[in-house]
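Written below as C-alpha coordinates is the structure these notes are about.
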2 protein chains.
Amino acid sequence: MTRVLVVDDEPQIRRALSTNLRARGYEVDLAASGEEALPLVADRHPDVVVLDLGLPGMDGLEVVQALRAWSRVPIVVLSVREDERDKVAALDAGADDYVTKPFGMSELLARLRAAMRRSAPADDEPVVDTDDFAVDLAAKHVVRHLPDGDEVVHLTPTEWQLLELLARRRGRLVTQAELLQEVWGPGNERKSDHLRVHMAAIRRKVEPDPSQPRWLLTEPGMGYRFV
Amino acid sequence: MTRVLVVDDEPQIRRALSTNLRARGYEVDLAASGEEALPLVADRHPDVVVLDLGLPGMDGLEVVQALRAWSRVPIVVLSVREDERDKVAALDAGADDYVTKPFGMSELLARLRAAMRRSAPADDEPVVDTDDFAVDLAAKHVVRHLPDGDEVVHLTPTEWQLLELLARRRGRLVTQAELLQEVWGPGNERKSDHLRVHMAAIRRKVEPDPSQPRWLLTEPGMGYRFV
DNA sequence: GGCTCCCGTCAAGAAGTCGTGAAGAGCATC
DNA sequence: GATGCTCTTCACGACTTCTTGACGGGAGCC
(Lines give C-alpha, C1' and ligand atoms only; values in the text may rest on other atoms or scores of the structure.)
Protein backbone atom coordinates (compact mmCIF):
# COMPACT_ATOMS: atom_id res chain seq x y z
CA MET A 1 0.00 0.00 0.00
CA THR A 2 1.33 3.38 -1.00
CA ARG A 3 1.19 5.98 1.74
CA VAL A 4 0.89 9.74 1.11
CA LEU A 5 1.21 12.51 3.69
CA VAL A 6 -0.73 15.67 2.82
CA VAL A 7 0.34 18.84 4.62
CA ASP A 8 -2.00 21.80 4.12
CA ASP A 9 -3.67 24.23 6.45
CA GLU A 10 -6.86 24.63 4.40
CA PRO A 11 -9.38 21.96 5.39
CA GLN A 12 -11.11 21.90 2.01
CA ILE A 13 -7.84 21.20 0.19
CA ARG A 14 -7.00 18.46 2.67
CA ARG A 15 -10.43 16.96 2.11
CA ALA A 16 -10.24 17.17 -1.68
CA LEU A 17 -6.78 15.61 -1.84
CA SER A 18 -7.61 12.96 0.70
CA THR A 19 -10.76 11.94 -1.19
CA ASN A 20 -9.04 11.83 -4.55
CA LEU A 21 -6.02 9.94 -3.30
CA ARG A 22 -8.03 7.39 -1.33
CA ALA A 23 -10.23 6.80 -4.36
CA ARG A 24 -7.09 5.78 -6.23
CA GLY A 25 -6.02 3.35 -3.59
CA TYR A 26 -3.51 5.41 -1.65
CA GLU A 27 -3.38 5.46 2.10
CA VAL A 28 -3.51 9.09 3.24
CA ASP A 29 -2.26 10.82 6.38
CA LEU A 30 -3.17 14.44 6.99
CA ALA A 31 -1.36 17.29 8.74
CA ALA A 32 -2.43 20.92 9.08
CA SER A 33 1.00 22.33 9.88
CA GLY A 34 4.69 21.65 9.64
CA GLU A 35 4.86 20.93 13.34
CA GLU A 36 2.29 18.19 12.88
CA ALA A 37 3.89 16.88 9.72
CA LEU A 38 7.43 16.18 10.90
CA PRO A 39 6.60 13.54 13.53
CA LEU A 40 4.13 11.96 11.11
CA VAL A 41 6.89 11.44 8.56
CA ALA A 42 9.01 9.81 11.23
CA ASP A 43 6.20 7.57 12.50
CA ARG A 44 4.36 6.64 9.34
CA HIS A 45 7.13 6.63 6.76
CA PRO A 46 5.06 7.93 3.85
CA ASP A 47 6.17 7.12 0.30
CA VAL A 48 5.66 10.74 -0.74
CA VAL A 49 4.80 14.07 0.95
CA VAL A 50 2.49 16.68 -0.58
CA LEU A 51 3.39 19.96 1.07
CA ASP A 52 1.66 23.32 0.86
CA LEU A 53 4.16 26.15 0.99
CA GLY A 54 1.91 28.67 2.73
CA LEU A 55 1.57 27.28 6.20
CA PRO A 56 0.88 29.11 9.45
CA GLY A 57 3.67 28.86 11.97
CA MET A 58 6.55 26.94 10.49
CA ASP A 59 6.91 27.91 6.83
CA GLY A 60 6.76 25.29 4.08
CA LEU A 61 10.33 25.98 3.12
CA GLU A 62 11.46 25.32 6.66
CA VAL A 63 9.57 22.04 6.59
CA VAL A 64 11.47 21.01 3.47
CA GLN A 65 14.78 21.86 5.10
CA ALA A 66 13.86 20.09 8.33
CA LEU A 67 12.82 16.96 6.44
CA ARG A 68 15.89 16.91 4.24
CA ALA A 69 18.09 16.98 7.30
CA TRP A 70 17.26 13.33 7.87
CA SER A 71 14.84 11.99 5.26
CA ARG A 72 14.96 11.39 1.54
CA VAL A 73 11.22 10.97 1.14
CA PRO A 74 10.02 12.63 -2.10
CA ILE A 75 8.39 16.01 -1.50
CA VAL A 76 5.95 17.62 -3.94
CA VAL A 77 5.36 21.26 -3.06
CA LEU A 78 2.02 22.99 -3.67
CA SER A 79 1.81 26.74 -3.75
CA VAL A 80 -0.20 29.68 -4.92
CA ARG A 81 3.02 31.63 -5.30
CA GLU A 82 4.08 32.04 -8.89
CA ASP A 83 7.27 33.86 -8.02
CA GLU A 84 10.25 32.12 -9.48
CA ARG A 85 12.33 32.78 -6.39
CA ASP A 86 9.95 30.70 -4.29
CA LYS A 87 10.20 27.83 -6.73
CA VAL A 88 13.97 27.97 -6.86
CA ALA A 89 14.22 28.17 -3.08
CA ALA A 90 11.92 25.20 -2.53
CA LEU A 91 13.57 23.05 -5.17
CA ASP A 92 17.05 23.87 -3.99
CA ALA A 93 16.05 23.16 -0.43
CA GLY A 94 15.40 19.60 -1.55
CA ALA A 95 11.84 19.51 -2.84
CA ASP A 96 11.30 17.16 -5.75
CA ASP A 97 8.62 19.07 -7.60
CA TYR A 98 6.69 22.33 -7.40
CA VAL A 99 3.07 22.57 -8.52
CA THR A 100 1.29 25.89 -8.71
CA LYS A 101 -2.29 26.22 -7.54
CA PRO A 102 -4.77 25.92 -9.04
CA PHE A 103 -3.70 22.57 -10.41
CA GLY A 104 -5.46 19.67 -12.06
CA MET A 105 -5.80 16.57 -9.97
CA SER A 106 -4.65 14.28 -12.75
CA GLU A 107 -1.48 16.33 -13.17
CA LEU A 108 -0.75 16.20 -9.47
CA LEU A 109 -1.30 12.46 -9.43
CA ALA A 110 1.06 12.03 -12.38
CA ARG A 111 3.70 14.11 -10.61
CA LEU A 112 3.28 12.03 -7.47
CA ARG A 113 3.74 8.86 -9.49
CA ALA A 114 6.86 10.31 -11.11
CA ALA A 115 8.31 11.33 -7.75
CA MET A 116 7.69 7.89 -6.26
CA ARG A 117 8.95 6.04 -9.29
CA ARG A 118 12.28 7.84 -9.01
CA SER A 119 12.74 7.05 -5.37
CA ALA A 120 11.69 3.44 -5.82
CA PRO A 121 14.38 1.13 -4.54
CA ALA A 122 16.28 -0.17 -7.52
CA ASP A 123 15.28 -3.78 -7.40
CA ASP A 124 13.79 -6.26 -5.08
CA GLU A 125 16.31 -8.95 -4.40
CA PRO A 126 14.74 -12.33 -4.51
CA VAL A 127 16.75 -15.17 -3.09
CA VAL A 128 15.31 -18.63 -3.09
CA ASP A 129 16.84 -20.55 -0.24
CA THR A 130 16.67 -24.24 0.58
CA ASP A 131 18.43 -26.39 3.15
CA ASP A 132 20.99 -27.44 0.57
CA PHE A 133 21.52 -24.40 -1.63
CA ALA A 134 20.40 -20.85 -2.35
CA VAL A 135 19.53 -19.33 -5.72
CA ASP A 136 20.24 -15.60 -5.95
CA LEU A 137 18.21 -14.35 -8.87
CA ALA A 138 19.64 -10.82 -8.80
CA ALA A 139 23.29 -11.81 -8.68
CA LYS A 140 22.65 -14.77 -10.96
CA HIS A 141 24.51 -17.29 -8.90
CA VAL A 142 23.99 -20.33 -6.73
CA VAL A 143 25.67 -21.10 -3.44
CA ARG A 144 25.65 -24.57 -2.05
CA HIS A 145 25.37 -25.09 1.70
CA LEU A 146 28.00 -27.61 2.76
CA PRO A 147 29.02 -28.81 6.22
CA ASP A 148 32.22 -26.80 5.94
CA GLY A 149 30.64 -23.58 4.76
CA ASP A 150 29.11 -22.29 1.56
CA GLU A 151 30.50 -22.86 -1.89
CA VAL A 152 29.72 -20.97 -5.07
CA VAL A 153 28.43 -23.25 -7.79
CA HIS A 154 29.19 -22.50 -11.40
CA LEU A 155 26.28 -22.96 -13.79
CA THR A 156 26.37 -22.75 -17.56
CA PRO A 157 23.94 -20.35 -19.30
CA THR A 158 21.46 -23.08 -20.17
CA GLU A 159 21.58 -24.54 -16.70
CA TRP A 160 21.03 -21.14 -15.16
CA GLN A 161 18.05 -20.36 -17.38
CA LEU A 162 16.38 -23.60 -16.45
CA LEU A 163 17.03 -23.24 -12.73
CA GLU A 164 15.90 -19.63 -12.78
CA LEU A 165 12.63 -20.53 -14.45
CA LEU A 166 11.95 -23.29 -11.97
CA ALA A 167 12.96 -21.13 -9.00
CA ARG A 168 10.71 -18.28 -10.08
CA ARG A 169 7.77 -20.65 -10.21
CA ARG A 170 8.74 -22.74 -7.25
CA GLY A 171 6.08 -25.09 -6.03
CA ARG A 172 4.40 -25.09 -9.39
CA LEU A 173 4.78 -27.61 -12.17
CA VAL A 174 6.56 -26.25 -15.21
CA THR A 175 5.84 -28.28 -18.32
CA GLN A 176 8.54 -29.48 -20.66
CA ALA A 177 7.01 -27.42 -23.45
CA GLU A 178 7.28 -24.26 -21.35
CA LEU A 179 10.88 -24.89 -20.40
CA LEU A 180 11.90 -25.78 -23.93
CA GLN A 181 10.18 -22.77 -25.39
CA GLU A 182 11.65 -20.35 -22.85
CA VAL A 183 15.20 -21.60 -23.14
CA TRP A 184 15.51 -22.86 -26.69
CA GLY A 185 12.91 -20.61 -28.30
CA PRO A 186 9.66 -21.43 -30.01
CA GLY A 187 9.72 -24.43 -32.30
CA ASN A 188 11.86 -26.58 -30.02
CA GLU A 189 9.09 -27.94 -27.86
CA ARG A 190 9.87 -31.52 -28.88
CA LYS A 191 13.53 -31.69 -27.99
CA SER A 192 13.11 -33.13 -24.53
CA ASP A 193 16.50 -34.80 -24.84
CA HIS A 194 18.13 -31.48 -24.06
CA LEU A 195 16.02 -31.04 -20.99
CA ARG A 196 17.05 -34.36 -19.54
CA VAL A 197 20.73 -33.76 -20.06
CA HIS A 198 20.76 -30.28 -18.59
CA MET A 199 18.48 -31.10 -15.67
CA ALA A 200 20.85 -33.91 -14.80
CA ALA A 201 23.74 -31.47 -14.86
CA ILE A 202 21.94 -29.07 -12.53
CA ARG A 203 21.12 -31.84 -10.11
CA ARG A 204 24.73 -32.99 -10.10
CA LYS A 205 25.70 -29.50 -9.04
CA VAL A 206 23.09 -28.62 -6.45
CA GLU A 207 21.38 -31.75 -5.17
CA PRO A 208 22.94 -33.57 -2.22
CA ASP A 209 22.10 -36.89 -3.89
CA PRO A 210 21.59 -36.27 -7.61
CA SER A 211 20.11 -39.71 -8.23
CA GLN A 212 17.40 -39.03 -5.66
CA PRO A 213 16.44 -35.41 -6.21
CA ARG A 214 15.01 -33.65 -3.23
CA TRP A 215 14.34 -30.22 -4.70
CA LEU A 216 14.15 -30.60 -8.47
CA LEU A 217 11.48 -33.19 -8.97
CA THR A 218 10.50 -34.91 -12.18
CA GLU A 219 6.83 -35.21 -12.99
CA PRO A 220 6.89 -38.05 -15.53
CA GLY A 221 5.27 -37.15 -18.80
CA MET A 222 4.65 -33.59 -17.67
CA GLY A 223 7.65 -31.57 -16.63
CA TYR A 224 9.62 -30.49 -13.58
CA ARG A 225 8.89 -28.88 -10.25
CA PHE A 226 11.07 -26.97 -7.79
CA VAL A 227 9.86 -27.46 -4.23
CA MET B 1 31.70 18.44 -15.35
CA THR B 2 27.94 18.23 -15.63
CA ARG B 3 26.68 17.49 -19.09
CA VAL B 4 23.27 18.56 -20.40
CA LEU B 5 21.66 17.49 -23.65
CA VAL B 6 19.20 20.03 -25.05
CA VAL B 7 16.70 18.73 -27.61
CA ASP B 8 14.67 21.42 -29.32
CA ASP B 9 13.89 22.18 -32.95
CA GLU B 10 13.84 25.97 -32.53
CA PRO B 11 17.35 27.37 -33.01
CA GLN B 12 16.77 30.42 -30.81
CA ILE B 13 15.69 28.25 -27.87
CA ARG B 14 18.71 26.03 -28.36
CA ARG B 15 20.92 29.06 -28.41
CA ALA B 16 19.33 30.64 -25.34
CA LEU B 17 19.53 27.44 -23.31
CA SER B 18 23.02 26.68 -24.47
CA THR B 19 24.27 30.15 -23.54
CA ASN B 20 22.64 30.14 -20.13
CA LEU B 21 23.76 26.65 -19.26
CA ARG B 22 27.33 27.16 -20.40
CA ALA B 23 27.48 30.39 -18.40
CA ARG B 24 26.72 28.32 -15.33
CA GLY B 25 29.44 25.85 -16.02
CA TYR B 26 27.50 23.07 -17.69
CA GLU B 27 28.76 21.25 -20.74
CA VAL B 28 26.01 21.37 -23.36
CA ASP B 29 25.19 19.11 -26.29
CA LEU B 30 22.51 20.13 -28.76
CA ALA B 31 20.07 18.15 -30.86
CA ALA B 32 17.34 19.43 -33.14
CA SER B 33 15.28 16.24 -33.27
CA GLY B 34 14.65 13.01 -31.45
CA GLU B 35 16.52 11.09 -34.10
CA GLU B 36 19.59 13.20 -33.38
CA ALA B 37 19.12 13.02 -29.64
CA LEU B 38 19.03 9.26 -29.07
CA PRO B 39 22.54 8.44 -30.33
CA LEU B 40 23.86 11.48 -28.46
CA VAL B 41 22.55 10.11 -25.19
CA ALA B 42 24.28 6.84 -25.93
CA ASP B 43 27.56 8.43 -26.91
CA ARG B 44 27.84 11.36 -24.52
CA HIS B 45 26.05 10.07 -21.42
CA PRO B 46 24.50 13.38 -20.36
CA ASP B 47 23.59 13.89 -16.71
CA VAL B 48 20.22 15.31 -17.69
CA VAL B 49 18.17 15.76 -20.88
CA VAL B 50 16.07 18.85 -21.62
CA LEU B 51 13.49 17.78 -24.17
CA ASP B 52 11.02 19.86 -26.10
CA LEU B 53 7.78 17.98 -26.61
CA GLY B 54 6.88 19.48 -29.98
CA LEU B 55 9.47 18.07 -32.29
CA PRO B 56 9.25 17.49 -36.03
CA GLY B 57 9.48 13.85 -37.01
CA MET B 58 9.73 11.71 -33.93
CA ASP B 59 7.44 13.15 -31.26
CA GLY B 60 8.82 14.16 -27.87
CA LEU B 61 6.73 11.54 -26.14
CA GLU B 62 8.22 8.86 -28.36
CA VAL B 63 11.66 10.12 -27.46
CA VAL B 64 10.87 9.69 -23.77
CA GLN B 65 9.67 6.17 -24.39
CA ALA B 66 12.65 5.28 -26.55
CA LEU B 67 15.05 6.60 -23.91
CA ARG B 68 13.33 4.89 -21.04
CA ALA B 69 13.64 1.59 -22.86
CA TRP B 70 17.29 1.53 -21.89
CA SER B 71 18.35 4.63 -19.98
CA ARG B 72 17.54 6.14 -16.60
CA VAL B 73 18.93 9.59 -17.40
CA PRO B 74 16.71 12.34 -15.90
CA ILE B 75 14.46 13.98 -18.50
CA VAL B 76 12.96 17.44 -18.07
CA VAL B 77 10.26 18.08 -20.65
CA LEU B 78 9.59 21.53 -22.10
CA SER B 79 6.32 22.27 -23.81
CA VAL B 80 3.95 25.00 -24.87
CA ARG B 81 1.08 22.60 -24.30
CA GLU B 82 -0.89 23.34 -21.17
CA ASP B 83 -3.18 20.36 -21.61
CA GLU B 84 -3.11 18.13 -18.56
CA ARG B 85 -3.25 15.01 -20.68
CA ASP B 86 0.04 15.88 -22.30
CA LYS B 87 1.65 16.36 -18.91
CA VAL B 88 0.30 13.12 -17.56
CA ALA B 89 1.36 11.22 -20.67
CA ALA B 90 4.90 12.59 -20.56
CA LEU B 91 5.35 12.02 -16.83
CA ASP B 92 3.93 8.52 -16.97
CA ALA B 93 6.13 7.70 -19.95
CA GLY B 94 9.06 8.31 -17.63
CA ALA B 95 9.81 12.03 -17.77
CA ASP B 96 11.00 13.50 -14.49
CA ASP B 97 9.54 16.97 -14.78
CA TYR B 98 7.36 19.01 -17.09
CA VAL B 99 7.91 22.75 -17.56
CA THR B 100 5.47 24.85 -19.56
CA LYS B 101 6.72 27.54 -21.91
CA PRO B 102 7.25 30.36 -21.39
CA PHE B 103 9.40 29.59 -18.39
CA GLY B 104 11.92 31.47 -16.33
CA MET B 105 15.49 30.41 -16.75
CA SER B 106 16.16 30.33 -13.03
CA GLU B 107 13.20 28.00 -12.50
CA LEU B 108 14.37 25.68 -15.24
CA LEU B 109 17.85 25.62 -13.77
CA ALA B 110 16.45 24.82 -10.34
CA ARG B 111 14.39 22.00 -11.80
CA LEU B 112 17.46 20.64 -13.59
CA ARG B 113 19.40 20.73 -10.34
CA ALA B 114 16.55 18.91 -8.58
CA ALA B 115 16.35 16.27 -11.29
CA MET B 116 20.10 15.63 -11.16
CA ARG B 117 20.25 15.64 -7.38
CA ARG B 118 17.65 12.89 -7.28
CA SER B 119 19.41 10.70 -9.77
CA ALA B 120 22.72 11.07 -7.94
CA PRO B 121 23.82 7.71 -6.70
CA ALA B 122 23.75 8.80 -3.06
CA ASP B 123 25.45 5.50 -2.68
CA ASP B 124 26.83 3.84 0.34
CA GLU B 125 30.42 3.14 -0.47
CA PRO B 126 32.25 5.35 -2.93
CA VAL B 127 35.41 3.26 -2.74
CA VAL B 128 35.57 -0.41 -3.59
CA ASP B 129 38.73 -1.88 -2.16
CA THR B 130 40.36 -5.22 -2.82
CA ASP B 131 43.65 -6.73 -1.78
CA ASP B 132 45.19 -5.75 -5.08
CA PHE B 133 43.58 -2.44 -6.02
CA ALA B 134 40.96 0.12 -5.03
CA VAL B 135 38.30 1.65 -7.25
CA ASP B 136 37.34 5.15 -6.16
CA LEU B 137 33.94 5.76 -7.70
CA ALA B 138 33.74 9.36 -6.54
CA ALA B 139 37.21 10.42 -7.67
CA LYS B 140 36.95 8.21 -10.74
CA HIS B 141 40.33 6.60 -10.48
CA VAL B 142 41.99 3.35 -9.57
CA VAL B 143 44.99 2.81 -7.35
CA ARG B 144 46.91 -0.38 -7.40
CA HIS B 145 48.39 -1.80 -4.21
CA LEU B 146 51.97 -2.82 -4.88
CA PRO B 147 54.66 -4.12 -2.52
CA ASP B 148 56.43 -0.77 -2.74
CA GLY B 149 53.40 1.40 -2.17
CA ASP B 150 50.31 2.45 -4.11
CA GLU B 151 50.31 3.48 -7.73
CA VAL B 152 47.63 5.34 -9.66
CA VAL B 153 46.45 3.36 -12.66
CA HIS B 154 45.43 5.16 -15.81
CA LEU B 155 42.26 3.81 -17.42
CA THR B 156 40.83 4.90 -20.74
CA PRO B 157 37.23 6.19 -20.73
CA THR B 158 35.81 2.91 -21.98
CA GLU B 159 37.78 0.89 -19.49
CA TRP B 160 36.63 3.12 -16.67
CA GLN B 161 32.97 2.84 -17.63
CA LEU B 162 33.18 -0.93 -17.66
CA LEU B 163 35.03 -1.15 -14.36
CA GLU B 164 32.67 1.32 -12.72
CA LEU B 165 29.63 -0.65 -13.80
CA LEU B 166 31.08 -3.87 -12.48
CA ALA B 167 32.26 -2.27 -9.25
CA ARG B 168 28.87 -0.72 -8.54
CA ARG B 169 27.25 -4.11 -8.86
CA ARG B 170 30.00 -6.07 -7.25
CA GLY B 171 29.11 -9.63 -6.46
CA ARG B 172 26.40 -9.62 -9.08
CA LEU B 173 26.73 -10.93 -12.56
CA VAL B 174 26.46 -8.22 -15.19
CA THR B 175 25.43 -9.62 -18.54
CA GLN B 176 27.23 -8.78 -21.75
CA ALA B 177 24.08 -7.15 -23.08
CA GLU B 178 23.91 -4.84 -20.04
CA LEU B 179 27.53 -3.82 -20.32
CA LEU B 180 27.35 -3.26 -24.05
CA GLN B 181 24.16 -1.26 -23.78
CA GLU B 182 25.44 0.94 -20.97
CA VAL B 183 28.76 1.70 -22.57
CA TRP B 184 28.12 1.55 -26.31
CA GLY B 185 24.42 2.44 -26.31
CA PRO B 186 21.42 0.45 -27.41
CA GLY B 187 21.75 -1.55 -30.60
CA ASN B 188 25.27 -2.72 -29.81
CA GLU B 189 24.32 -5.69 -27.69
CA ARG B 190 25.96 -8.14 -30.07
CA LYS B 191 29.43 -6.63 -30.29
CA SER B 192 31.03 -8.79 -27.66
CA ASP B 193 34.40 -8.41 -29.40
CA HIS B 194 34.72 -4.98 -27.81
CA LEU B 195 33.98 -6.35 -24.41
CA ARG B 196 36.66 -9.00 -24.63
CA VAL B 197 39.33 -6.56 -25.75
CA HIS B 198 38.60 -3.94 -23.12
CA MET B 199 38.15 -6.40 -20.29
CA ALA B 200 41.55 -7.81 -21.18
CA ALA B 201 42.99 -4.30 -21.01
CA ILE B 202 41.48 -3.67 -17.57
CA ARG B 203 42.80 -6.96 -16.29
CA ARG B 204 46.28 -6.15 -17.58
CA LYS B 205 46.16 -2.98 -15.54
CA VAL B 206 44.62 -4.10 -12.26
CA GLU B 207 44.89 -7.88 -11.90
CA PRO B 208 48.03 -9.31 -10.33
CA ASP B 209 47.96 -12.14 -12.87
CA PRO B 210 45.85 -11.02 -15.85
CA SER B 211 45.72 -14.50 -17.35
CA GLN B 212 44.16 -15.84 -14.14
CA PRO B 213 41.76 -13.15 -13.03
CA ARG B 214 41.04 -13.04 -9.34
CA TRP B 215 38.58 -10.15 -9.19
CA LEU B 216 37.10 -9.70 -12.65
CA LEU B 217 35.67 -13.08 -13.43
CA THR B 218 34.25 -14.30 -16.72
CA GLU B 219 31.02 -16.24 -16.70
CA PRO B 220 31.19 -17.91 -20.11
CA GLY B 221 28.19 -17.19 -22.28
CA MET B 222 26.70 -14.77 -19.76
CA GLY B 223 28.87 -11.88 -18.70
CA TYR B 224 31.33 -10.70 -16.06
CA ARG B 225 31.36 -10.44 -12.31
CA PHE B 226 33.42 -8.33 -9.92
CA VAL B 227 33.94 -10.20 -6.67
C1' DG C 1 7.86 -62.43 -19.70
C1' DG C 2 7.91 -59.17 -23.40
C1' DC C 3 6.91 -54.72 -24.89
C1' DT C 4 6.70 -49.74 -24.83
C1' DC C 5 7.50 -45.36 -22.94
C1' DC C 6 9.95 -42.16 -20.31
C1' DC C 7 13.75 -40.93 -17.81
C1' DG C 8 18.78 -40.52 -16.23
C1' DT C 9 23.54 -41.24 -17.48
C1' DC C 10 27.56 -41.13 -20.20
C1' DA C 11 30.76 -39.85 -23.73
C1' DA C 12 32.38 -37.88 -28.04
C1' DG C 13 32.23 -34.58 -31.39
C1' DA C 14 30.24 -30.14 -32.94
C1' DA C 15 29.52 -25.52 -32.05
C1' DG C 16 30.30 -21.59 -29.81
C1' DT C 17 32.94 -18.39 -26.70
C1' DC C 18 37.01 -16.29 -24.63
C1' DG C 19 41.72 -14.24 -24.32
C1' DT C 20 45.39 -12.45 -26.91
C1' DG C 21 48.31 -10.02 -30.12
C1' DA C 22 48.58 -7.10 -33.84
C1' DA C 23 47.19 -3.97 -37.43
C1' DG C 24 44.81 -0.04 -38.79
C1' DA C 25 41.51 3.91 -38.35
C1' DG C 26 40.07 7.99 -35.97
C1' DC C 27 41.06 11.92 -33.38
C1' DA C 28 43.18 15.49 -30.66
C1' DT C 29 47.51 17.85 -29.65
C1' DC C 30 51.62 19.74 -30.58
C1' DG D 1 52.42 16.92 -40.67
C1' DA D 2 53.96 14.03 -37.03
C1' DT D 3 52.91 11.97 -32.62
C1' DG D 4 50.48 9.63 -29.16
C1' DC D 5 46.37 7.69 -27.38
C1' DT D 6 42.21 5.13 -27.93
C1' DC D 7 39.03 2.27 -30.08
C1' DT D 8 37.81 -1.15 -33.52
C1' DT D 9 38.47 -5.18 -36.08
C1' DC D 10 40.31 -9.58 -37.19
C1' DA D 11 42.39 -14.13 -36.79
C1' DC D 12 44.01 -17.87 -34.04
C1' DG D 13 44.38 -21.35 -30.41
C1' DA D 14 42.52 -22.80 -26.12
C1' DC D 15 38.76 -23.67 -23.70
C1' DT D 16 33.79 -24.22 -22.40
C1' DT D 17 29.29 -25.51 -23.55
C1' DC D 18 25.81 -27.81 -26.23
C1' DT D 19 24.07 -31.41 -28.97
C1' DT D 20 23.50 -35.95 -30.20
C1' DG D 21 23.12 -40.79 -29.96
C1' DA D 22 23.55 -44.99 -27.33
C1' DC D 23 22.57 -47.55 -23.26
C1' DG D 24 20.15 -49.15 -19.19
C1' DG D 25 16.66 -48.94 -15.50
C1' DG D 26 12.03 -48.61 -13.91
C1' DA D 27 6.93 -48.30 -14.42
C1' DG D 28 2.91 -49.61 -16.68
C1' DC D 29 0.43 -52.65 -19.73
C1' DC D 30 -0.76 -56.64 -22.57
Side-chain angles (χ1 to χ4, degrees), chain A residues 140-142 152-164 166 173-177 179-180 182-185 187-225, chain B residues 27 39 42-45 140-142 152-163 166 173-177 179-180 182-185 187-226:
Chain A
K140 281 191 167 48
H141 76 182
V142 177
V152 174
V153 177
H154 175 77
L155 294 188
T156 70
T158 308
E159 289 161 13
W160 173 257
Q161 286 185 72
L162 286 173
L163 182 58
E164 183 177 21
L166 290 166
L173 170 73
V174 186
T175 66
Q176 299 185 12
L179 290 167
L180 286 164
E182 282 288 335
V183 177
W184 280 271
N188 294 73
E189 291 85 354
R190 297 289 133 98
K191 307 197 172 179
S192 56
D193 283 0
H194 299 178
L195 221 40
R196 293 210 307 276
V197 174
H198 289 287
M199 285 303 300
I202 298 174
R203 283 171 172 157
R204 256 198 313 279
K205 293 179 181 179
V206 305
E207 286 276 3
D209 179 0
S211 64
Q212 295 221 232
R214 187 175 160 197
W215 309 104
L216 298 163
L217 306 186
T218 303
E219 303 271 350
M222 308 275 293
Y224 293 86
R225 185 196 305 271
Chain B
E27 201 167 317
D43 291 347
R44 307 273 291 166
H45 294 277
K140 287 197 189 304
H141 67 51
V142 178
V152 174
V153 178
H154 172 74
L155 294 187
T156 71
T158 307
E159 289 161 11
W160 172 257
Q161 284 185 71
L162 285 174
L163 183 58
L166 290 165
L173 179 116
V174 187
T175 65
Q176 301 182 20
L179 291 167
L180 287 165
E182 283 288 336
V183 177
W184 281 272
N188 294 74
E189 290 85 355
R190 296 287 131 96
K191 306 196 172 180
S192 56
D193 282 1
H194 301 178
L195 222 40
R196 294 209 306 278
V197 174
H198 289 286
M199 285 302 301
I202 298 174
R203 283 171 172 158
R204 260 199 308 280
K205 293 179 181 179
V206 304
E207 285 276 3
D209 179 0
S211 64
Q212 296 221 235
R214 187 173 160 197
W215 308 106
L216 298 163
L217 305 186
T218 304
E219 303 267 347
M222 301 209 275
Y224 293 88
R225 185 195 305 273
F226 184 11

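Naming convention: chains lettered A, B, ... in sequence-line order (proteins, then strands); numbering from 1 in each chain.
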Please tell me if [X] has a side-chain N or O lying less than 4.0 Å from either OP1 or OP2 of [N].
| X | N | result |
| --- | --- | --- |
| A/Tyr224 | C/dG8 | yes |
| B/Thr218 | C/dG19 | yes |
| A/Gln212 | C/dG8 | no |

What do the steps show when you test A/Met199 against A/Leu216 for side chain to side chain contact (heavy atoms under 4.5 Å, CB included), and what is the final call?
-> CA-CA 8 Å; A/Met199 285 303 300; A/Leu216 298 163; 4.2 Å; yes
Atom [atom1] of [X] and atom [atom2] of [N]: how far apart are they, to the nearest Å?
| X | N | atom1 | atom2 | result |
| --- | --- | --- | --- | --- |
| A/Leu162 | D/dC18 | CG | C1' | 12 Å |
| A/Trp160 | D/dT17 | CH2 | P | 15 Å |
| A/Arg203 | C/dG8 | CZ | C1' | 8 Å |
| A/Glu207 | C/dT9 | CD | C1' | 16 Å |
| B/Leu180 | C/dT17 | CG | P | 13 Å |
| B/Gln176 | C/dT17 | CD | C1' | 8 Å |
| B/Arg190 | C/dG16 | CZ | C1' | 14 Å |
| B/Leu217 | C/dC18 | CG | C1' | 14 Å |

Any chance you could lay out the side chain to side chain contact (heavy atoms under 4.5 Å, CB included) test for B/Val206 and B/Ile202, step after step, and finish with the verdict?
-> CA-CA 6 Å; B/Val206 304; B/Ile202 298 174; 4.1 Å; yes
Sequence neighbours left out, what passes salt bridge (charged side-chain N to carboxylate O under 4.0 Å, His left out) with B/Glu159? Give chain and number order.
->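 Salt bridge (charged side-chain N to carboxylate O under 4.0 Å, His left out) check on B/Glu159 returns B/Lys205.
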The single option from A/Arg196, A/Arg190, A/Lys191 passing salt bridge (Lys or Arg N to Asp or Glu O under 4.0 Å) against A/Asp193 | A/Arg196
I need the [X] [atom1] to [Y] [atom2] distance, nearest 0.5 Å.
| X | Y | atom1 | atom2 | result |
| --- | --- | --- | --- | --- |
| B/Leu155 | B/His141 | CG | NE2 | 11.0 Å |
| A/Arg203 | A/Leu163 | CZ | CG | 11.5 Å |
| A/Leu195 | A/Leu180 | CG | CG | 5.0 Å |

Over all heavy atoms of both residues, which pair between B/Ala42 and B/Gly185 is shortest? Give the atoms and the distance, please.
->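 Shortest heavy-atom separation between B/Ala42 and B/Gly185 comes out as CB-CA, 3.6 Å.
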Which atom of A/Arg204 lies closest to which atom of A/Pro210, heavy atoms considered = CA-CG, 3.8 Å
Exercise: do B/His45 and B/Gln161 side chains pair donor with acceptor under 3.5 Å = yes
What N/O pairs connect the protein and nucleotides 24-29 of chain D at under 3.5 Å? Give each pair on its own line.
none

Give the C-alpha distance, both sets of side-chain angles, the deciding distance and a yes or no for side chain to side chain contact (heavy atoms under 4.5 Å, CB included) between A/Val152 and A/Val142.
-> CA-CA 6 Å; A/Val152 174; A/Val142 177; over 6 Å; no
Axis-to-axis angle between the two ends of the helix from C/dG1-D/dC30 to C/dC30-D/dG1 (five base pairs per end, rounded to 10 degrees) =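 For the helix from C/dG1-D/dC30 to C/dC30-D/dG1, the axes at either end differ by 30°.
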Is B/Glu219 salt-bridged to A/Lys140, cutoff N-O under 4.0 Å?
-> no
Any N/O pairs under 3.5 Å between the protein and nucleotides 4-10 of chain D? List them or say none.
from  : atom 1 : to       : atom 2 : distance (Å)
D/dT6 : OP1    : B/His154 : NE2    : 2.5
D/dC7 : OP1    : B/Thr158 : N      : 2.9
D/dC7 : OP1    : B/Thr158 : OG1    : 2.4
D/dC7 : OP2    : B/Thr156 : OG1    : 2.5
D/dC7 : O5'    : B/Thr158 : OG1    : 3.4
D/dT8 : OP1    : B/Trp184 : NE1    : 3.0
D/dT8 : OP2    : B/Trp184 : NE1    : 3.1
D/dT8 : OP2    : B/His198 : NE2    : 3.4
D/dT9 : OP2    : B/His194 : NE2    : 3.0

Select base, sugar-phosphate, or nothing to describe what A/Ser192 touches, counting heavy atoms under 4.0 Å on all strands.
-> nothing
Contact check, side chains of A/Tyr224 and A/Leu166, non-hydrogen atoms, under 4.5 Å =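 Of all side-chain heavy-atom pairs linking A/Leu166 with A/Tyr224, at least one is under 4.5 Å.
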What are the atom names and distances for every N/O pair under 3.5 Å that joins the protein to nucleotides 27-30 of chain C?
none

Residues in ring-ring contact (aromatic ring centres under 6.0 Å, His included) contact with A/His198, at least two apart in sequence or another chain = A/Trp184
